[in-house]
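Before any comments, here is the structure.
Since we're looking at a predicted model, the values are computed, not measured. Atoms considered below: every heavy atom in the structure, side chains included; atoms not considered: hydrogens, waters and symmetry mates.
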Protein chains: 2
Amino acid sequence: MNQTVTITKAYSSDSQFKLKDGAGSDAIHTTPIYAYAVCKLQTDRNIEGIGLSFTLGVGNNLVCQAIDYLVRHVEGKEINELMANFGKTYKAMSDDPNFRWLGPHKGVVHLALASVTNACYDLWAKSKGLPLWKLLIDLPPKDIVNTLDLSYLEDVLTREEALEILNKASETKKNREQILKTGYKGYDTSIGWFSYSDDKVKENIRKAMDAGFTAMKLKVGSADIKRDIRRAHLVREVAGDKATIMLDANQQWNLPKAIEICTQLKEINPYWIEEPTHPDDVEAHVKLANKLAPIKLALGEHVPNKIIFKNFLQSGCMSFNQVDAVRVGGISEFITISLMSKKFGVPVVPHVGDMGQIHQHLVLFNHISMDHEAIFLEHIPHLQQYFKNPVNIKGGYYQVPQEPGMSADLLKY
Amino acid sequence: MNQTVTITKAYSSDSQFKLKDGAGSDAIHTTPIYAYAVCKLQTDRNIEGIGLSFTLGVGNNLVCQAIDYLVRHVEGKEINELMANFGKTYKAMSDDPNFRWLGPHKGVVHLALASVTNACYDLWAKSKGLPLWKLLIDLPPKDIVNTLDLSYLEDVLTREEALEILNKASETKKNREQILKTGYKGYDTSIGWFSYSDDKVKENIRKAMDAGFTAMKLKVGSADIKRDIRRAHLVREVAGDKATIMLDANQQWNLPKAIEICTQLKEINPYWIEEPTHPDDVEAHVKLANKLAPIKLALGEHVPNKIIFKNFLQSGCMSFNQVDAVRVGGISEFITISLMSKKFGVPVVPHVGDMGQIHQHLVLFNHISMDHEAIFLEHIPHLQQYFKNPVNIKGGYYQVPQEPGMSADLLKY
């Protein structure tokens, strides 16, 4: 299937989902709602592009209104023509005159850009009847790079270097397609939300291990440091020495506090410590990373754009890149940042505001076409009932999605 | 006058102003509208607090809606009680649960915070019948610091250090009150907007010099580098060797291009080069500053918060700090950043999204109470007819405002 598909109408939808019993809670976001600012692209065919950006509910309507403004850049366009040079449209949207002032390239306007951009990639894949990962891994490097906006990265990643990374990886691509048989390993973030009791955490660890997960994440950042230490030891004890355990402070600490607490948390041998302090503070993370080595930092969930990712990568403090395609400017900027991260030798392990629906495609692409190491992908199960094609995890592995598009369709809008 | 004043109702107003004949145009923002997302605080007395944040029109309504959400933190409060510990309310607003996700501390939600915060300071000054600068310079250092949120700055500016800076400056404060007699020197940004013809620029320079200005700014960042060079030489030629000339690229260049062009612009001996590349890119500015020395960089117009300012100051690339109280989280964060800047020895020369109405108060405070060098304050005349008490410039000097509040009242809303 390869048809012309024209976007006839584009608009937003505000989709919000309540969570139960403390699910989703962390040190900073104690009572989250999970919400999507959805971009819908209606077409002249029987298919629809669906884009998502993720928020915690309050103000999701502002992102929706920004989507309704930005879609003027894609309405009336034929999707294959649009994607043949999507980098230009991306730049036009991110630098939309006067609207740009509200960022630039961050906050509400950038979350809206994410949703519109994602809807375009989704429609592109659906127009070809392919799952997004398949569309992407089969594209020639030039066609991939044409969907990107590399401006302001000229000092670290020229168009030629981007092409070179993809060309070089394509030589060994076939070997890495093995992963399509095994699926992509997952890790479980839902065992240790911030407000969960010790007993609930213990029970969740056992369930996760029974389901095949060997890696899991605990929320830390308590006002009472002893609670963090106790819970971290508890997870290590129940999960055992072989388990991979990550600790996530969700920006709760300042630098002196982060140094003090992380030094103690090292005892449980965490695979990483995530978002220890403010997401804009490159320099604080550099100092912390130096203090904590060999314990590594995972950063990027709240980093809004390629420029700040560039600074983080240049600084050397980011050992795991957690870029999220529903926070940065969508799949286009996700791929841009993944290429840059490859150049700096930093693995990409996305935060999944999309609950892994879109990222399951993107990590397959990153691994196969960019030769990024396949470490694992975050798994958060709480919204599965709302997706048309929820991620399918077996034995702790994401099964490769086969439906056309990027698996972001919701059952209701 | 010192009365209890309770905020009975708070809401936003979307105020937009068209500009004429290319005024306000720069390399990135070619057809701006000047707009304020106004926060109005109604009270139980015959006074009203007015806050502003500045945008270029498109999406100003999004900021207004965010204001309408945030005002729940100040409604019902008595203004003197509120300001006695405003730092806590500021932090509660900037970390408002779930709303925070849309930043954090940047973009639409942070612009809204600016407007609400500014309205509180305005009302505070009006409640005492004082111009803002007078209220601020008479406050004991502890009361100033109580209006600030120093979180995430503990590695560079503790509460004790902030107090120390103010206490030390207060010893020599009387000498600096001399400036209340002369007024605060201004510089003219309106001589060389991007789309102005050479003739118009020449005419504007002569007018500016006749009006007493000795410092002025030219917009650069043309696609055709020769145009930039020609216009820069033209300004130097017409204004003469003694004039202070600044060049402003408004983020137009990437790093390699900035190095190439700035190296040529050095010839006209600019006092600074402003916003040469992307405002988030600390590392690119470090490299550029090293290449261009002794020519200095003026940065900060689009830097959204104290954290990124901290990184810029730590890096050493920011020679002039252009923090704007209608871009960062209002006067509270402006003072925080000014204190930090004082510690790093970097002068504060604000960008004036408010057309100088509020900043004329703030630079007096910075100079008198913080011992910041009084270099000069940007002057942009295009909205004077819309303000109730427009800035009054004589002989190139801002005359000290005497009306109660922070001079941000508009004639119509």
Side-chain angles (χ1 to χ4, degrees), chain A residues 28-33 35 54-63 65-66 69 95-111 151-156 251 253-257 259 277-284 287 302 304-308 310-311 314-315 327, chain B residues 28-33 35 54-63 65-66 69 95-111 151-156 251 253-257 259 277-284 287 302 304-308 310-311 314-315 327:
Chain A
I28 291 274
H29 315 93
T30 48
T31 52
I33 292 161
F54 179 64
T55 79
L56 296 189
V58 181
N60 197 54
N61 61 324
L62 300 179
V63 183
Q65 290 173 63
Y69 177 76
D95 287 344
D96 187 278
N98 300 347
F99 202 53
R100 181 187 190 278
W101 188 272
L102 303 180
H105 314 140
K106 53 181 73 71
V108 166
V109 297
H110 211 60
L111 288 164
S151 57
Y152 293 116
L153 301 183
E154 294 81 355
D155 48 329
V156 303
Q251 318 166 26
W253 302 314
N254 59 45
L255 177 58
K257 213 163 185 176
I259 292 172
T277 186
H278 197 286
D280 296 343
D281 199 339
V282 179
E283 185 58 29
K287 288 188 175 126
H302 275 76
N305 63 46
K306 63 190 174 185
I307 314 288
I308 304 183
K310 177 174 75 166
N311 279 193
Q314 288 172 313
S315 79
R327 158 77 63 185
Chain B
I28 290 275
H29 315 94
T30 48
T31 53
I33 294 161
F54 178 64
T55 78
L56 297 187
V58 181
N60 198 53
N61 62 324
L62 300 179
V63 182
Q65 290 173 63
Y69 176 76
D95 286 344
D96 187 279
N98 299 346
F99 202 54
R100 181 189 191 277
W101 188 273
L102 302 179
H105 314 140
K106 54 181 72 73
V108 166
V109 296
H110 211 60
L111 289 163
S151 57
Y152 292 116
L153 301 183
E154 294 81 355
D155 48 329
V156 303
Q251 319 168 24
W253 302 314
N254 59 46
L255 178 58
K257 212 164 186 175
I259 292 173
T277 186
H278 197 287
D280 296 344
D281 200 339
V282 179
E283 186 57 29
K287 288 187 176 126
H302 275 76
N305 62 46
K306 63 190 174 184
I307 314 288
I308 304 183
K310 177 173 75 167
N311 279 192
Q314 288 172 313
S315 79
R327 157 76 64 184

Would you mind checking which part of [X] comes under 4.5 Å of any heavy atom in chain B, side chain (CB onward), backbone (N, CA, C, O), both or neither?
X	result
L111(A)	side chain
I28(A)	side chain
T30(A)	neither
Y69(A)	side chain
L102(A)	both
V63(A)	side chain
N305(A)	side chain
P279(A)	side chain

Judged by atom type as modelled, is there a donor-acceptor pair below 3.5 Å linking the side chain of [X] to the main-chain atoms of [Y]?
X	Y	result
N98(B)	T31(A)	yes
W101(A)	N60(B)	no
Y152(A)	D281(B)	no

Next on the checklist: Run R100(A) and Q251(B) through side-chain contact (heavy atoms from CB on, under 4.5 Å) and show every step you take.
Outcome noted: CA-CA 12 Å; R100(A) 181 187 190 278; Q251(B) 319 168 24; 2.8 Å; yes

Next on the checklist: Minimum heavy-atom separation for G103(B) and R327(A), please, with both atom names.
Outcome noted: O-NH1, 3.1 Å

Next on the checklist: Can you give me the closest heavy-atom contact between A66(A) and L62(B), atom names plus distance?
Outcome noted: CB-CD1, 4.1 Å

Checklist outcome for this item: Counting heavy-atom pairs under 4.5 angstrom with chain A, the leader among A35(B), G57(B), P104(B) is P104(B)

Checklist entry - Of all of K287(B), K310(B), E283(B), which one pairs up most often with chain A through heavy atoms under 4.5 Å apart? => result E283(B)

Item to check | Residue D95(B) versus chain A: region with a heavy atom under 4.5 Å | outcome: neither

Next on the checklist: Using heavy-atom distances under 4.5 Å, tell me whether P304(B) contacts chain A through its side chain, its backbone, both, or neither.
Outcome noted: side chain

Checklist outcome for this item: Of Q314(A), K257(A), Q65(A), the largest count of non-hydrogen pairs under 4.5 angstrom with chain B goes to Q65(A)

Item to check | Atom pair NE2/OG of H278(A) and S151(B) - distance to nearest 0.5 Å | outcome: 8.0 Å

Next on the checklist: I'd like to know whether T55(A) forms a side-chain contact (heavy atoms from CB on, under 4.5 Å) with F99(B), so could you lay out the CA-CA distance, the side-chain angles of the two residues, the decisive distance to 0.1 Å, and finally the verdict.
Outcome noted: CA-CA 8 Å; T55(A) 79; F99(B) 202 54; over 6 Å; no

Checklist entry - So do H29(A) and P97(B) actually touch side chain to side chain, heavy atoms under 4.5 Å? => result no

Next on the checklist: For D280(B) and N311(A): C-alpha separation, side-chain torsions, deciding distance, then whether side-chain hydrogen bond (donor to acceptor under 3.5 Å, both in side chains) applies.
Outcome noted: CA-CA 9 Å; D280(B) 296 344; N311(A) 279 193; over 6 Å; no

